[in-house]
Number of protein chains: 2
Amino acid sequence: MTITEVSKKFDLSQDTLRYYERIGLIPSVNRNKGGIRDYTDEDLKWIEFIKCMRGAGLPIEVLIEYVTLFQQGDATTQARKELLIEQRQQLIARMEDIKKTLELLNYKIESYENSVAIIEKDLKR
Amino acid sequence: MTITEVSKKFDLSQDTLRYYERIGLIPSVNRNKGGIRDYTDEDLKWIEFIKCMRGAGLPIEVLIEYVTLFQQGDATTQARKELLIEQRQQLIARMEDIKKTLELLNYKIESYENSVAIIEKDLKR
DNA sequence: ATAACACTTAGAGTTAACTCCAAGTCAAGA
DNA sequence: TCTTGACTTGGAGTTAACTCTAAGTGTTAT
């Protein structure tokens, strides 16, 4: 699969895909005779995983570490697991923040609804 | 209340507090005779609100717009309400992303648990 | 064969959100 | 009086995560 196809499939710019590869956020992609990237299914799996994690806000640095550990083989499974558990904790905390903020937003929006209602009542007088 | 006290109360650096004021993210704070900031309860309310919103990731630009609208008075209540509704939408979307990612993380962690279990079984042979 | 186009690399530039720094002011204590 | 320390301002520097540019190569359509 070419970079153009991958870019469309995942809605990531070609620049971003090359950048991710350059910094080691995805394992390096094979080139064909002409030196052009040819993504394998394995590569696509990585991209999907990384895109999901980035979408939730996991830092690139942490994800690079995960990929690096992965490439070091079976000796690092424990470390990888711990890394994921740590990130899960962070995500749960983020979710709590968002929930709290959503409640406050709901409350504020409701009060705006009430005050708008009052203004409208005023207009009808 | 002095900037030191506010900084401690909300766990925001003095630099951040001054920065927020400078860019109009909080309405400007009164100074005493010596030119030193003296935060009112009203100011604290704003800081608490902004801190909550920033904690959930609302962009500074949007929050500045909200503060600006607020300072323009009652004519902007409708616009402010719409702004909050829009941001609520965004937050709900963020939350969905995080939920999806949490599920994937849970699944991955579980598989690491299983593979570790297998390794341990191997060791016992 | 030549033009058009997608691709390559290395490296510079951008954006958001701080964070730090320098130079200066002012009140309070030794 | 002198020094200490918290504060002031304006502006420069930093970090993360892209995003863009330039210069060059290789494949395809006319």
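Note that the structure is a prediction, hence the values are computed from the model and not measured.
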### Task
Could you check which residues of residues 22-52 of chain B get a heavy atom under 4.0 Å from DNA chain D? Sort them by number, please.
B/R22, B/R31, B/G35, B/I36, B/R37
### Partner of B/Y39 by side chain to side chain contact (heavy atoms under 4.5 Å, CB included), out of B/E5, B/M1, B/K9
B/M1
### Query
Any idea how B/F49 and B/W46 line up, ring-wise: parallel (<30°), tilted (30 to 60°), or perpendicular (>60°)?
perpendicular
### Query
With a non-hydrogen cut-off below 4.0 angstrom, is B/R18 in contact with a base, only sugar-phosphate, or nothing?
base
### Message
Working to the nearest 0.5 angstrom, can you tell me the gap between A/L17 CG and A/R22 CZ?
### Response
12.0 Å
### Query
How many Å lie between OH on A/Y19 and P on C/dT15, as a whole number?
17 Å
### Query
Just how far, in rounded Å, is P of D/dT21 from CD of A/Q14?
15 Å
### Task
Report the residue from A/Q78, A/Q72, A/R80 that forms a side chain to side chain donor-acceptor pair (under 3.5 Å) with A/T76.
A/R80
### Query
Between A/Y20 (OH) and D/dA16 (P), how many Å, whole number?
15 Å
### Query
For the pair made of CD1 in B/I3 and P in D/dA6, what is the distance, rounded to whole Å?
13 Å
### Message
Which nucleotide wins on minimum distance to the side chain of B/T2, given the candidates C/dC18, D/dC7, D/dT19?
### Response
D/dC7
### Task
May I have the distance from B/I60 (atom CD1) to C/dT19 (atom C1'), rounded to whole angstrom?
13 Å
### Query
D/dA17 C1' sits how many Å from A/D15 CG, rounded?
12 Å
### Task
Write down the distance between CG (B/L58) and P (C/dC18), rounded to a whole number of angstrom.
12 Å
### Message
Any non-hydrogen side-chain atom of B/I50 less than 4.5 Å from a side-chain atom of B/L63?
### Response
yes
### Query
Heavy atoms, side chains only, cut-off 4.5 Å: are A/E96 and A/K99 in contact?
yes
### Query
C/dC7 C1' sits how many Å from A/L17 CG, rounded?
13 Å
### Message
Checking the side chain of B/R54 only, and the main-chain atoms of B/C52 only, is there a donor and an acceptor separated by less than 3.5 Å?
### Response
no
### Query
Looking only at side-chain N and O atoms, does A/R54 come under 4.0 Å of OP1 or OP2 in D/dA16?
no
